[in-house]
Amino acid sequence: MPELPEVEVVRRGLERWIGGRTIAGAEVLHPRAIRRHLAGPVDFADRLRGLPFAAPRRRGKYLWLPLGDDAALLAHLGMSGQLLVQPGRAPDEKHLRVRITFTDAAAGELRFVDQRTFGGLSLHPLLGEGLPDVIAHIARDPLDPLFDEDAFHQALRRKRTTIKRALLDQSLISGVGNIYADEALWRTRLHYERPTATLTRPVTTELLTRVREVMTAALAVGGTSFDSLYVNVNGESGYFDRSLDVYGREDEPCRRCATPVRRRPWMNRSSYFCPKCQRPPR
DNA sequence: GGAAGCTCCTGAAAGC
DNA sequence: TGCTTTCAGGAGCTTC
């Protein structure tokens, strides 16, 4: 499942392989893939034709390819989205949703492949700081040098919610998904249902340190892949799943205290934690 | 207005 | 063997 490290791996691949290429055409094979482009597939293809891609940018789990100074192609990978750079002669993938070709045929094609169709592409105007308008509400991510730790802590203190919900709230901190939330909470010894209003500034600082730590480590090995659903632009998987401490390790011993890791249903998904290291709140 | 819950979707795995 | 159910989860939308 693509979170910040996986999206950053893809962004770097796009920068290397398609930055500066001029679009020859776009083909939408599944309308749901561009559902956030309200003007529809024909407009989507018409507006892309003839434009050059500038260097890709990212905020949290969103990445975008600027097209000149005032618009961009915005991408979100959702659960299973892949942006692949493929030779034009390569056979179509089973879940190929959008194909973008370039004037330089040697550059190959940019393909958006998405089995579960939670991801998508869309075109949007850019705001003053070069951010697509529809993601203006997305907070900076913890690897962004301009991420404001103090403002984040104050926001947590104001909220009447629990820490894992807050970590997944992209308007508070972006880029964190279910896997890295569980990993960072385990490293900080925080239970996922700890009320955010009870966090002290040192605890928030420690949590942010652990979030950055786990994301940086994942980025170094190409991200986390449990299956073929997350790959980089060349179709290769990452290796961080071998380094996960709690996520997906139900009944296996905690790597700190050997207590069996627990899994609890949580918000239509799962939370993994060590019942000894991460005591529930009173 | 803020917080919680629902929904979209596909295919692998589990259950019967 | 084959059918049905469960599970995975990001984020926009709806409900309370």
Side-chain angles (χ1 to χ4, degrees), chain A residues 1-8 10 28-38 58-64 74-83 92-98 112-122 124 131-139 141 154-185 192-198 211 215 218 223-231 237 241 244 246-251 261-273 281:
Chain A
M1 302 76 185
E3 301 183 31
L4 186 155
E6 292 75 35
V7 178
E8 176 59 17
V10 172
V28 177
L29 294 102
H30 194 308
R32 186 172 152 80
I34 61 149
R35 64 193 178 282
R36 293 191 182 92
H37 185 79
L38 302 179
R58 181 188 57 72
R59 176 170 285 194
K61 302 171 201 171
Y62 285 93
L63 64 84
W64 66 97
L74 181 68
H76 195 291
L77 302 180
M79 281 286 293
S80 55
Q82 304 173 353
L83 280 166
D92 287 357
E93 292 75 9
K94 183 178 178 185
H95 301 106
L96 176 62
R97 310 303 192 193
V98 179
F112 181 67
V113 176
D114 192 8
Q115 180 199 97
R116 296 180 193 171
T117 66
F118 277 28
L121 305 179
S122 46
H124 301 282
L131 195 69
D133 60 351
V134 292
I135 61 165
H137 64 292
I138 300 295
D141 63 63
Q154 295 305 326
L156 290 182
R157 296 281 301 185
R158 282 194 301 271
K159 288 275 181 185
R160 292 292 172 267
T161 189
T162 51
I163 187 57
K164 187 168 171 183
R165 281 181 180 274
L167 283 175
L168 297 186
D169 182 344
Q170 306 295 301
S171 67
L172 285 177
I173 181 171
S174 67
V176 183
N178 201 41
I179 297 173
Y180 296 124
D182 279 0
E183 291 297 306
L185 289 170
Y192 60 95
E193 289 193 319
R194 170 80 174 263
T196 57
T198 67
V211 169
M215 285 184 165
T224 300
S225 304
F226 294 104
D227 48 36
S228 60
L229 289 185
Y230 161 69
V231 295
S237 295
D241 58 309
L244 294 174
V246 280
Y247 185 87
R249 298 192 62 242
E250 185 180 19
D251 295 333
V261 167
R262 296 267 170 79
R263 180 180 75 88
R264 289 284 178 273
W266 180 84
M267 281 180 66
N268 290 331
R269 55 199 78 176
S270 293
S271 270
Y272 294 88
F273 67 106

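Just so we're on the same page: letters track the sequence lines, and every chain starts at 1.
Here C/dC7 presents its C1' atom at 16 Å from CE of A/Met267, a figure rounded to the nearest Å. Atoms CD1 (A/Ile173) and C1' (C/dG10) sit 16 Å apart, rounded to a whole Å. The CZ-P distance, from A/Arg264 to C/dA8, rounds to 13 Å in whole Å. Following rounding to the nearest Å, A/Arg59 (CZ) and C/dG10 (P) show an atom-to-atom distance of 19 Å. One atom, CG of A/Leu156, and another, P of B/dG2, lie 15 Å apart when rounded to the nearest Å. Atom-to-atom, NE2 of A/His137 to P of C/dA11 comes out at 8 Å; the value is rounded to the nearest Å. Distance CZ (A/Arg116) to C1' (B/dA13): 12 Å, rounded to an integer number of Å. Between the C1' atom of B/dA4 and the CH2 atom of A/Trp266 lies a distance of 11 Å, rounded to the nearest Å.
Contact check, A/Gln170 against C/dA11: a side-chain N or O comes under 4.0 Å of OP1 or OP2. Within the structure, a side-chain polar atom (N or O) of A/Lys94 is placed less than 4.0 Å from OP1 or OP2 of B/dG11. When the side-chain nitrogen and oxygen atoms of A/His95 are compared with OP1 and OP2 of B/dC9, none of them lie within a distance under 4.0 Å. Contact check, A/Tyr62 against C/dG12: a side-chain N or O comes under 4.0 Å of OP1 or OP2. For B/dC8, neither phosphate oxygen OP1 nor OP2 lies less than 4.0 angstrom from any side-chain nitrogen or oxygen of A/Thr117.
When the nucleotides B/dG11, B/dC9, C/dA8 are ranked by their closest atom to the side chain of A/Met79, C/dA8 comes out on top. When the nucleotides C/dG12, B/dT10, B/dC9 are ranked by their closest atom to the side chain of A/Arg97, B/dT10 comes out on top. Of the candidates B/dC9, C/dA8, C/dG12, C/dA8 carries the atom nearest the A/Tyr272 side chain, counting heavy atoms from C-beta on. Here the side chain of A/Glu3 is nearest to one of C/dG12, C/dG10, B/dC9, namely C/dG10.
Put simply, the side chain of A/Arg269 and the base of C/dG10 share a donor and an acceptor less than 3.5 Å apart.
Looking at A/Tyr62 and A/Val7, their side chains never come closer than 4.5 Å, going by heavy atoms from C-beta outward. By the 4.5 Å heavy-atom criterion applied to side chains, A/Leu4 and A/Tyr180 are not counted as neighbours. Between A/Lys61 and A/Gln170 the shortest side-chain heavy-atom distance falls below 4.5 Å.
Here A/Arg263 lies in heavy-atom contact (under 4.0 Å) with sugar-phosphate atoms only. Looking at heavy-atom distances under 4.0 Å, A/Asn268 makes contact with a base. Residue contacts shown for A/His30 are absent, as no nucleic acid heavy atom lies under 4.0 Å away.
Here the shortest heavy-atom pairing between A/Val176 and A/Met215 reads CG2-CE, 3.7 Å.
The NZ atom of A/Lys94 sits 8.0 Å away from the CD atom of A/Gln115 when rounded to the nearest 0.5 Å. For the atom pair A/Arg264 CZ and A/Glu250 CD, the distance stands at 8.5 Å (nearest 0.5 Å). Atom-to-atom distance recorded for A/Leu29:CG and A/Glu93:CD is 10.5 Å, nearest 0.5 angstrom.
Only one option out of A/Glu183, A/Glu3, A/Arg269, A/Lys164 pairs with A/Asn178 in a side chain to side chain donor-acceptor pair (under 3.5 Å); it is A/Lys164.
Listed by residue number, A/Lys159, A/Arg160, A/Thr161, A/Arg165 are the residues of residues 157-168 of chain A with a heavy-atom contact under 4.0 Å to DNA chain B.
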